[in-house]
Amino acid sequence: MAYETIIVEIEDYVATIRLNRPEALNALNAKLMDELSRALAEADRSDKVRCMIVTGSEKAFAAGADIKEMSEKSFTDVYLDNLFTGPTEKIMAVRKPIIAAVSGYALGGGCELAMLCDFIIAADTAKFGQPEINLGIVAGIGGTQRLTRFVGKAKAMDMNLTGRFMDAAEAERSGLVSRVVPAAKLMAEATGAAKKIAEKSLLATMVVKEAVNRSYETTLREGLLFERQTFYSLFATEDQKEGMAAFLEKREPQFRDK
Ligand code: HXC
């Protein structure tokens, strides 16, 4: 499918989706959000994809929602339009793992988009922030909610109230990102991680995603019960037999997603 604001490549069961609005540092306009969410949904349905990467350019993952596009809108416009809600819900419905590979600015909606992915690998040049406060607004797709759960209240308040940026080292220290690598190695690192995930049983990787995300939605007790049931249920799969047999026979497993 042809897109205008993103570039999609599929190789070795990994779909890499590159945000591509260089003239606006990949600012998220309605078209980009629509195309991105459609591309992710399509990859989720495709037999050729087992893991996805969302990335931007060297200078910017995404510098936030498109301020030019938002500036003329009224409350009625954004409320009736349910601005950003449709694409966000669509991304949240993706069941295969999504890695955000972040280089440069991930600000406002850009930081929130990265957090909508399942984990973030950052270049040492990455800068995260929720600078909406400088525009007289607040975060709209997770900057006060996901960020608080990921880095805690103190840093989430600091970032949302002052609008300051967090560099890659602080982001790793705070638990916002899983790894930091030199900028030149970002895509190799993200692709390597995605390929590793793509080799596993798809059933198991989808269950991991569902179960870890569940931990943010429910109590520990309920989460543990959910995990236990999914753990038991995977014993009904051929991949469990294959994975354990391969270990015992000292060979690589051949998962068939069954
Ligand atoms: C529209 C943007 C943009 C944005 C940058 N540009 N960010 N356009 N929306 N969010 C455009 C600039 O206008 C400029 O276009 C070009 O990209 C290059 O940006 P510069 O500012 O010239 O680059 P630089 O000096 O390097 O500064 C980089 C920057 C700065 C620090 C990232 O651009 C910046 O502060 N951007 C805004 C960040 C922000 O406030 N984000 C939150 C948005 S609100 P021209 O045509 O002038 O060359 C938000 C709400 C989310 O995200 C709610 C739900 C999704």
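Note that the coordinates shown come from a computational prediction; the quantities given were computed from them, not determined experimentally. Remember, it's 1-based here, ligands and their atoms both numbered in the order they're listed.
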Check your understanding: When you look for protein heavy atoms under 4.0 Å from ligand 1, which residues do they belong to?
Key -> E23, A24, L25, A27, K59, A63, G64, A65, D66, I67, M70, F84, Y105, L107, G108, G109, E112, P131, E132, L135, G140, I141
Check your understanding: Which residue pairs pass the ring pair (Phe, Tyr, Trp, His ring centres under 6.0 Å) test with at least one member in residues 89-143, sequence neighbours excluded?
Key -> none
Point to revise | Student check: side-chain heavy atoms of I99 and I197 closer than 4.5 Å | key: yes
Review point. How far does OG of S37 sit from CG of L40, to the nearest 0.5 angstrom?
Key: 7.5 Å
Practice item. Tell me, please, which residues at least two apart from Y216 pass side chain to side chain contact (heavy atoms under 4.5 Å, CB included). Key: R149, F150
Check your understanding: Pick one: which of D118, V208, V212 meets side-chain contact (heavy atoms from CB on, under 4.5 Å) with P97?
Key -> D118
Revision key, fill the gap. Quick note, salt bridge (charged side-chain N to carboxylate O under 4.0 Å, His left out) partners involving residues 155-172, not counting sequence neighbours, are K155-E170, D158-R164, R164-E170
